Amino acid sequence: MASSILPLLADRLDVSDEDARALLRTLVRELRTHAATDEVRLSGLGTFSEAPDGTLQFTPAPSLQRHVNASYEGLSPEAVGASETTEAAETRTPHADASVPPPDASSSASDPDPAASVEATAPNDAPDRASPERVSPRPNASERRSPVRAVWGTALAMLLLAAAGWLMYSEPGLLGASSPPASPAVSSAPPPDTASENESPSAAPPDRSPSSRPGSPSSTARDSATARDSATPPSRWAIVVASHTARTAALETAHSYRTRFDTVKVVAGTVDGQTWYRVAVGQYDSEPQAEQALARAESTLPTDAWTHPLR
Amino acid sequence: MSTPSTDEALDAIVAVLRDELAQERSVKVPGLGTFHVEHQPAAVDSTDEGSRLRPPRNTVAFAPETD
């Protein structure tokens with residue numbers, strides 16, 4: 001059921017419904033008069049013209065079409081056979097490409113956020129990228145145990161302090177003045193991060209993770225990627241050059257753009273229940289900057305390349 | 001509450017239509033017609049060159065008002 005534009009227009013213009021009706025009547029009359037002899041183009045909306053049979057025609061502006069397709073931007077047709085093949089390959093070897101989490105991972109295909117991004121990485125990164133980006137929101141076992149350890153450690157320390165105090169009072173010459181008792185609380189309760197390093201490398205801070213020891217090239221790559229992601233503002237822009245329903249196909253396309261762009265990402269999003277993987281190149285601070293870059297590189301990019309926000 | 005200029009009124013009409021259509025709501029402009037969005041779900045197109053999965057799309061449609 002269509003709703004009338006009148007109350008919305010009155011609200012937008014902060015005028016009464018009657019005033020809005022009068023304004024609209026005047027504008028529509030002008031529009032129809034001009035459309036009878038020529039095209040009338042309204043920026044951001046479209047073009048009105050009169051068909052030979054006298055009926056009014058409307059052609060939406062590209063910007064309006066893009067506006068109503070915000071959820072689907074950057075999606076392009078793809079060969080079905082190819083995607084089925086690549087999906088089947090993924091099913092057979094689910095960890096063959098560990099650079100992208102599986103569909104049930106927290107930030108991947110099942111994520112309803114259309115901009116949940118997955119960095120496309122070089123193949124030699126794969127073994128080290130299996131776990132670090134799937135940090136569970138729950139504390140790990142060692143973290144859950146740490147408070148218990150601290151309580152017992154504190155109780156033990158208090159007992160030891162009481163015993164030491166009793167000894168000092170009962171036998172004043174037993175301890176020298178220059179050697180106060182060490183605090184057992186420090187030594188009896190290991191720091192949580194030390195315990196995490198031993199028991200849960202995936203949840204340890206990056207500089208303590210076994211896979212990020214100095215000199216490990218893959219850890220360097222991952223750390224830089226992580227740092228880049230954390231430093232990325234929540235809303236930046238990229239150019240989507242392709243889309244696929246198979247991750248592996250998207251990663252293959254992404255690799256083909258690596259020599260031309262510093263930043264190439266595969267961005268997963270669910271559209272109408274179907275997961276699409278957009279290949280996004282470049283990174284820009286605003287939509288106009290992305291549009292300018294797209295215009296400059298238009299001849300070398302696919303005709304259906306779109307600008308796309310990275311949230 | 002001053003009377004809006006023609007440009008302001010046109011800008012407001014365009015803004016209202018864009019906002020409503022982005023929400024996939026139909027809007028009737030008295031004396032002109034009705035704007036609405038038609039949703040085309042993803043579908044497989046079969047041609048001689050093979051099958052292609054076409055992503056979903058929204059299309060703006062316009063039904064002129066008949067006198």
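In what follows, chains carry the letters A, B, and so on, assigned in the order in which the sequence lines appear, proteins first and then strands, with residues in each chain numbered from 1. Keep in mind that what you see is a predicted model, and the values were worked out from it rather than measured.
Summarising the geometry of B/P30 relative to A/L24, their closest heavy-atom pair is CD-CD2, 3.7 Å, with the distance given to 0.1 Å. Nearest heavy-atom pair across B/A9 and A/L27 is CB-CD1, 3.6 Å. Smallest separation of non-hydrogen atoms from A/R32 and B/G31: NE-O, 2.8 Å. Closest of all the heavy-atom pairs between A/L9 and B/A12 is CD1-CB, 3.6 Å.
Dense packing is recorded around CZ of A/R260, with more than 12 heavy atoms of other residues, nucleotides or ligands lying under 6.0 Å away. Residue-environment remark: NE2 (B/H39) exceeds the threshold of 12 foreign heavy atoms within 6.0 Å. Heavy-atom contacts from other residues, nucleotides or ligands closer than 6.0 Å to CG of A/D53 number more than 12.
Heavy-atom distances place both the backbone and the side chain of B/R18 under 4.5 Å from chain A. Both the backbone and the side chain of A/L56 come within less than 4.5 Å of a heavy atom in chain B. Using a 4.5 Å cut-off between heavy atoms, A/L8 touches chain B through backbone and side chain atoms alike. If you measure heavy-atom distances from B/E20 to chain A, the contacts under 4.5 Å come from the side chain alone. Of the atoms belonging to B/V27, heavy atoms from both backbone and side chain fall under 4.5 Å from chain A. Contact of B/V16 with chain A is made through backbone and side chain together, with heavy-atom distances under 4.5 Å. Of the atoms belonging to B/A15, heavy atoms from both backbone and side chain fall under 4.5 Å from chain A.
The most heavy-atom pairs under 4.5 Å with chain B, out of A/L31, A/T59, A/L45, come from A/L45. Chain A forms the most heavy-atom pairs under 4.5 Å with one residue out of B/S46, B/A61, B/P56, and that residue is B/P56. For chain B, the option among A/P60, A/S4, A/S3 with the highest count of heavy-atom pairs below 4.5 Å is A/S3.
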Side chain to side chain contact (heavy atoms under 4.5 Å, CB included), that's the test. Do A/Q65 and B/T59 meet it? Break it down for me. CA-CA 7 Å; A/Q65 284 289 20; B/T59 306; 3.8 Å; yes
If you apply the rule side chain to side chain contact (heavy atoms under 4.5 Å, CB included), what do you find for A/D19 with B/T3, and how did you get there? CA-CA 8 Å; A/D19 287 345; B/T3 305; over 6 Å; no
Stepwise side chain to side chain contact (heavy atoms under 4.5 Å, CB included) check, B/R57 with A/L75: CA-CA 9 Å; B/R57 279 281 185 272; A/L75 302 185; 4.3 Å; yes
Let's go through B/Q40 and A/Y72 carefully: what are the C-alpha distance in whole Å and the side-chain angles of both, what is the deciding distance for side chain to side chain contact (heavy atoms under 4.5 Å, CB included) to 0.1 Å, and is it a yes or a no? CA-CA 11 Å; B/Q40 300 167 338; A/Y72 315 125; over 6 Å; no
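Here A/I5 contributes atom CD1 and B/S26 contributes atom OG; the two are 12.5 Å apart, rounded to the nearest 0.5 Å. The CG atom of A/L23 sits 10.0 Å away from the CD atom of B/E8 when rounded to the nearest 0.5 Å. Taking CG of B/L17 as the reference point, atom CG of A/L64 lies at 8.5 Å (rounded to 0.5 Å). Between the CG atom in B/L53 and the CD atom in A/Q274 there is a gap of 6.0 Å [rounded to 0.5 Å].
Using a cut-off of 4.0 Å between Lys/Arg side-chain N and Asp/Glu carboxylate O, B/D11 and A/R12 are scored as not salt-bridged.
In this structure, A/S43 and B/V14 have side chains that are not in contact, with every pair of non-hydrogen atoms separated by 4.5 Å or more.
Side-chain N or O atoms of A/N69 include one that pairs as donor or acceptor with a backbone N or O of B/N58 at under 3.5 Å.
The ring pair (Phe, Tyr, Trp, His ring centres under 6.0 Å) check on A/F58 picks up A/F48, B/F35, B/F62, with sequence neighbours excluded.
Applying the side-chain hydrogen bond (donor to acceptor under 3.5 Å, both in side chains) rule to pairs touching residues 28-37 of chain B yields B/H36-B/E38, sequence neighbours excluded.
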